Asks: 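Could you have a look at this structure, given as structure tokens, before my questions?
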Amino acid sequence: MAHVVQSLDQPSNYKDSQARVDRQKQNELLAKSTTLYIGNLSFYTTEEQIYELFSKCANPEEGGGIKRIIMGLDRNTRTPCGFCFVEYYTHAEALASLRYISGTKLDERIIRCDLDLGYREGRQFGRGKSGGQVRDEHRSDYDPGRGGWGAQAQRVEIERRREVEERYADAQEGPGAVAGGGDDWKEAEGAVESSLKRGRSPDDDGDNARMGARTRLDEAEPEAERM
């Protein structure tokens, strides 16, 4: 049965590409490691949430506990990018977390834990071309917890929008381009409206004169009645 069910407190076959140790040495270091690598985190998960979860496997009564948490950061923006390191005081605590916490949910995401060779300065930064993790470079799905689309998909979309804007700008400046904004359309509308108005004629002047005379006559009639 031991050959059928894999032990939950064993590290994976992952090997840090920048670690300058062979497989045998790596196994020796992992056998006494107190550090865990935590992956598949949401970009919005806080250090406080991580501490609260992983402290459940801490044993401060026996001199243990969480020594420190190192948040993984985007190399360019210095914002969380989905991983971290949790360092305990004892190897037993790290194994307990590997056994009981790996594969559980944090912020509605199934997180992965693995024993780590030990944190070194600089490992907190993403190694992807865009500054984040390599796995987010090639991701083609939309994951709101990890910044939306993958980095390559975002670059393609930015390039597409730039091309559309350039074509639009060329269309505005080229032959047959639509006139720009401003009040040009008001001036054109006023000119058309003026052309539709009928010009004055001598008959209009005569009609106006007759109307003026009639008005003066009407005003004079009450005066005659009072006399």
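Start at 1 with the first residue, then count along the sequence. Quick caveat, the model's predicted, so the values are computed rather than measured.
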Asks: Kindly write out the residues that satisfy side-chain hydrogen bond (donor to acceptor under 3.5 Å, both in side chains) with Asn76, not counting sequence neighbours, or none if the list is empty.
Replies: none

Asks: My understanding is that only residues two or more places apart in sequence, or in another chain, count here; which of them pass side-chain hydrogen bond (donor to acceptor under 3.5 Å, both in side chains) with Asp143?
Replies: Arg109

Asks: Is there a side-chain contact between Ile101 and Leu106 (heavy atoms, below 4.5 Å)?
Replies: no

Asks: Hey, could you give me each pair passing salt bridge (Lys or Arg N to Asp or Glu O under 4.0 Å) that has a residue in residues 40-59? Not counting sequence neighbours.
Replies: none

Asks: Quick one: do Ile111 and Leu115 end up in the same hydrophobic cluster if we chain Ile, Leu, Val, Met, Phe, Trp and Tyr together by side-chain heavy atoms under 4.5 Å apart?
Replies: yes

Asks: Are the side chain of Thr35 and the backbone of Gly118 linked by a donor-acceptor contact shorter than 3.5 Å?
Replies: no

Asks: Does some side-chain heavy atom of Leu36 sit less than 4.5 Å from a side-chain heavy atom of Tyr88?
Replies: yes

Asks: Could you work out, with side-chain hydrogen bond (donor to acceptor under 3.5 Å, both in side chains) as the rule, every residue matching Arg112, not counting sequence neighbours?
Replies: none

Asks: Once you round to the nearest 0.5 Å, how far does CG of Asp114 lie from OG of Ser97?
Replies: 12.5 Å

Asks: Enumerate the salt bridge (Lys or Arg N to Asp or Glu O under 4.0 Å) contacts for residues 69-95, please, sequence neighbours excluded, ordered by first and then second residue.
Replies: Lys67-Glu87, Arg68-Glu87

Asks: Taking only residues two or more places apart in sequence, or in another chain, which ones meet Tyr142 in a ring pair (Phe, Tyr, Trp, His ring centres under 6.0 Å)?
Replies: Trp149

Asks: Do you know which two heavy atoms are closest between Thr45 and Met71, and how far apart they sit?
Replies: O-CE, 3.7 Å

Asks: What residue pairs, at least two apart or across chains, pass ring pair (Phe, Tyr, Trp, His ring centres under 6.0 Å) with a residue in residues 48-79?
Replies: none

Asks: Would you say that Leu30 contacts Leu117 through its side chain, given a criterion of any heavy-atom pair below 4.5 Å between the two side chains?
Replies: yes

Asks: For Ala58 and Gly65, which heavy atoms make the closest approach, and how far apart are they?
Replies: CB-CA, 3.7 Å

Asks: Show every ring pair (Phe, Tyr, Trp, His ring centres under 6.0 Å) that has at least one partner inside residues 91-114, sequence neighbours left out.
Replies: none

Asks: For Thr79, which residues count as a side-chain hydrogen bond (donor to acceptor under 3.5 Å, both in side chains) partner, sequence neighbours excluded?
Replies: Thr77

Asks: Please answer whether the main-chain N or O of Tyr44 pairs with a side-chain N or O of Ser42 as donor and acceptor at a distance below 3.5 Å.
Replies: yes

Asks: Please list, chain by chain and in numerical order, all residues satisfying side chain to side chain contact (heavy atoms under 4.5 Å, CB included) with Phe83, sequence neighbours excluded.
Replies: Tyr37, Cys81, Phe85, Gln133

Asks: Determine, using the 4.5 Å side-chain heavy-atom cutoff (strictly less than), whether Ile38 and Tyr89 are members of one ILVMFWY cluster.
Replies: no

Asks: If the condition is side chain to side chain contact (heavy atoms under 4.5 Å, CB included), which residues does Glu121 pass it with, not counting sequence neighbours?
Replies: Tyr119, Gln124

Asks: Are Arg139 and Asp136 close enough for a salt bridge, meaning some N to O gap below 4.0 Å?
Replies: yes

Asks: Checking side-chain contact (heavy atoms from CB on, under 4.5 Å) against Asn27, which of Lys25, Arg23, Gln24 comes through?
Replies: Arg23

Asks: Search all heavy atoms of Ser33 against all heavy atoms of Ala94 and return the closest pair with its distance.
Replies: O-CB, 4.0 Å

Asks: Just so I know, are the side chains of Cys84 and Leu41 near enough to count as touching, which here means a heavy-atom distance under 4.5 Å?
Replies: yes

Asks: Quick check for you: to the nearest 0.5 Å, what is the distance between Glu137 atom CD and Arg127 atom CZ?
Replies: 13.5 Å

Asks: Where do Asn40 and Arg135 land on the side-chain contact (heavy atoms from CB on, under 4.5 Å) test, with the steps shown first?
Replies: CA-CA 10 Å; Asn40 200 40; Arg135 58 167 292 197; 3.1 Å; yes

Asks: A quick test of your reading: do over 12 heavy atoms of other residues, nucleotides or ligands sit less than 6.0 Å from CD of Glu28?
Replies: yes

Asks: Should Arg123 and Asp116 count as side-chain neighbours, where that means a heavy-atom distance under 4.5 Å?
Replies: yes

